[in-house]
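The sequence lines fix the lettering, A, B, ..., with proteins before strands; numbering per chain opens at 1. Heavy atoms only: backbone and side chains are in, while hydrogens, waters and symmetry mates are out.
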Number of protein chains: 2
Amino acid sequence: MTTIRDVAKHANVSVATVSRVLNKNGYVNEETKQKVLEVIKSLNYKPNAVARSLYKKSSKTLGLILPDITNPFFPELAKAVEDVANRSGYTLLFYNSEEQVEKEQIYIENLKQKYIDGVILATNSLNKQQVEGLEIPIVVVDRAINKNIPTVITKNYEGGKLATKYLKEIGCRVIAHIKGPDRNINAEQRFKGYIEEVSNEPWFHEELIIHGNYNMRTATEVTKKLLNKFPEIDGIFAGNDVMAVGAIKAAHQLGRKIPDDLSIIGFDGIALGEMTIPELTTIAQPIYRMGELATHILINLIEGKAIKQTYYELDIQLIKRESTKRA
Amino acid sequence: MTTIRDVAKHANVSVATVSRVLNKNGYVNEETKQKVLEVIKSLNYKPNAVARSLYKKSSKTLGLILPDITNPFFPELAKAVEDVANRSGYTLLFYNSEEQVEKEQIYIENLKQKYIDGVILATNSLNKQQVEGLEIPIVVVDRAINKNIPTVITKNYEGGKLATKYLKEIGCRVIAHIKGPDRNINAEQRFKGYIEEVSNEPWFHEELIIHGNYNMRTATEVTKKLLNKFPEIDGIFAGNDVMAVGAIKAAHQLGRKIPDDLSIIGFDGIALGEMTIPELTTIAQPIYRMGELATHILINLIEGKAIKQTYYELDIQLIKRESTKRA
DNA sequence: TTGAAAGCGCTAACAC
DNA sequence: GTGTTAGCGCTTTCAA
C-alpha cells in the first residue's frame, strides 16, 4: 500500500505539502504541485479514508436504516438515497432493522463508533428521546416521530381521505379498510383519513376495518374472511399497495369481479401496482422524491448549510388505473 | 467523546490494560479487569472503530455491489447478505451500480480506501482481470465471471432446459423465449438451455426469441408484437419473473387466456410470482440461500478459515403454479 | 511557500 | 500482570 509518505519521498517534499495539494488548501507552489501530482499518478496513490476519518472525526458515510428491504417501497427509496449520497461524495451503510428496536439500537451504536456523519431512518420503534439522544444529524423518512426531528413524509391522512372519497365518488356503497400495523404512524394516519370519510355513513360499522400488517399474504386471508362475512362490500381501501394486491387475489379467489363487483384502491405507488391484473388504482407517494429530499436535507445538516425547512409533508396523488370503477 | 485514555485514567491503569480487557487478550488480573469493566460501563465508553481500523487495516465491513436494487431479486438477496454479515459482526456498505462499469470502478476504489474487508459483487461489467486486480477477498453472486473467482450462482442452463422441457411436457407446441440482456451471463445460460430443448423441433425458428432486457415494460411490449405476429405460440419461457409478469400482461391485453391458450413460465422465484393473477409458474432459485452462502464464503475467506469449496452452482427448482397448464 | 511535529484513538511489541 | 511507547496514515498548527 502506498502512503502519503511514499509520495512525499518520491516528490522530495514533506507530507504536509502532499496533504496540501491533496486537499487543495494552503499555499503550494505551482511547480511543486505539478511534481506532487505527477508522483501521485505514477504511484497510483489513493489517500487512506480511514486515517482521514480518524483525524477529521467524519467518514463521508451515511447510515440508512430501513425496516424491511423486502417491501418494494423501500428499495425504491433506497435507490434515491444512494443516488444522491453518491453524487455528493457520501457512501451508504445499509441496515435492515426488521422492525426490531434492539437491532436499531445496536446499529446506531455502530454508527457512532464509525464516525458516520448522519442517518436516514425509517422506523416506528425509536422514540423522540432516543433519536435526539443520538448526537448525530438524522432525517426521518416515511414514518414521522416528532415535528422537531427533520422529517420527510407524505400527506397520509389526506391520502386516506382521498382514497375513500374517491371510492364513494365512483359509487361504492360499503367501503372496507385494510389497515397497516397499529404501531405504524403512517398506517394510523391513512386509517384516520378513511374514518373521517365513512364514520357518518349509515352503512359504517367497526367490522369493516381489518388488519393486514402491510403484508400480502395476511391481506389475502383477512380479505377473504371479510368478503365472506359482508358480501355487500363493494369498495376496499388498502393501507398499502402490497395489501391491495392481496385483496385483489382474495377477490379473485372468491370470484368477485374487479372493478365491476368490487373496487380496490391501494397506497404507495410502487412499481408493483402496474404489474398486476387489473392494474392497481392507488394513492401514489413521490417515493424517489422522498429519498432524494431526505438525503439532501441530511447532507445540508451535516455540512452546516442553511436549510429553509426540515419538516416536509409531500403531496400525494391519486392514480386511477383498472382496479376501480370509472366514475 | 470518551476515549480509552479516559477509561485508563479513571481506572488507574494504562491504556494497554484497558485494551487488553476490551479485546480479551493478554493477561489481566481479575480484579483490575472488573474495575476496568466498571469504568467502561459508568463512562458508557465505546471503542472507536475508526482508530481500530486504522491500526488493524480492517474495518469489519463488507461491500455489497448490486446492479439494480429496484429489481425484486436483489432486495431478497441483500436481506440475506445483511442478515449473515450482521450476525458475524460485519456491517454492510451498499452500492447500486446501475450496471455502469465506471460506477463500479469508483465504488471499488472507495472500498479499498476504507479498508473494507471484502466484497459481494453481482455484475457483468467487470472482467476477470479487474476482479483479480482488486487485492480484496471477493465473492461473485448471481452472475459468474470466472471459475477461479469465488462464486455463488445457480444452474441457469439446467433451469432454462427444465423450464422449456416442462412447457413441452404439458403440451405446448410452439414455445417462445424472452431473453434477458445479451451481456448478462445468466441470461445467456438460460437461453442456451432453451435452445438445447427446441433447436431440433420442427416448429422452431429464430424469431421465437425476443429481447426483454429483464424488465417488465419492455417484456410486455415485445410479447404483444410477438403474439400478434405468431399467434400459434402457446408457451413462453421468460428469462426472469419480472418479464414473465410482463408477458402475462401482454397476453391479457390481447385477450389470450392463461394457461388455457398460453402457458407462461418465469425464472427466479421472487415473491412477486405469488402476487400475480394467475400465480406464476417459475424456475426458483434459492435466493436467500445464495446470499447467505456467498456471505459465509466471503467471511471465511477474510478470516482465513478453511473452505472446502468456493464455486457453487446451486440447484434450481420447478415451482408449478397457475400460469401453466396442468400436465 | 514549505517542513517538523503533534495528535486523531487504538493495538501490540517490548520491557519490567 | 502491567506500563511505556511506537506507529497505523492522515491533517494541521506553528515556525522557519
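- Looking at which nucleotide of DNA chain D each of A:Thr2 and B:Val28 is closest to, the 5′-most match is held by B:Val28.
- B:Leu66 places none of its side-chain heavy atoms less than 4.5 Å from the side chain of B:Asn71.
- Ion pairing between B:Glu76 and B:Arg289 fails under the 4.0 Å rule for side-chain N and carboxylate O.
- Within the nucleic acid shown, A:Ser53 has no heavy atom closer than 4.0 Å to any nucleic acid atom.
- Here the straight-line distance linking atom OG of A:Ser19 with atom OH of A:Tyr55 works out to 9.5 Å at 0.5 Å rounding.
- Rounded to whole Å, atom C1' of D:dA15 lies 17 Å from atom OH of A:Tyr27.
- Nearer the 5' end of DNA chain D, as judged by each residue's closest nucleotide, is the contact made by A:Met1, out of A:Asn25 and A:Met1.
- One interatomic measurement links the two molecules: CG of A:Leu22 to C1' of D:dT12, which rounds to 14 Å at whole-angstrom precision.
- Looking only at atom types and distance, the side chain of B:Asn86 has no donor-acceptor partner in the side chain of A:Tyr95 under 3.5 Å away.
- Separating the OH atom of A:Tyr45 from the P atom of D:dG9 is a distance of 10 Å, rounded to the nearest angstrom.
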Every protein N/O within reach of nucleotides 4-8 of chain D N/O, cut-off under 3.5 Å:
from: D:dC8; atom 1: O3'; to: B:Lys57; atom 2: NZ; distance (Å): 2.8

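- Looking at B:Glu132 and B:Asn148, their side chains come closer than 4.5 Å, going by heavy atoms from C-beta outward.
- Here the OH-CD1 distance, from A:Tyr90 to A:Ile116, works out to 11.5 Å after rounding to the nearest 0.5 Å.
- Residue A:Lys46 holds its NZ atom at 11.0 Å from CG of A:Leu22, rounded to the nearest 0.5 Å.
- With a cutoff of under 4.0 Å to any heavy atom of chain B, the contacted region of DNA chain C is bounded 5' to 3' by C:dG9 to C:dA13.
- Residues A:Glu104 and A:Thr123 have side chains in contact (heavy-atom distance under 4.5 Å, counting atoms from C-beta outward).
- Residue-level contact check: A:Val50 touches neither bases nor backbone, having no heavy atom under 4.0 Å from any strand.
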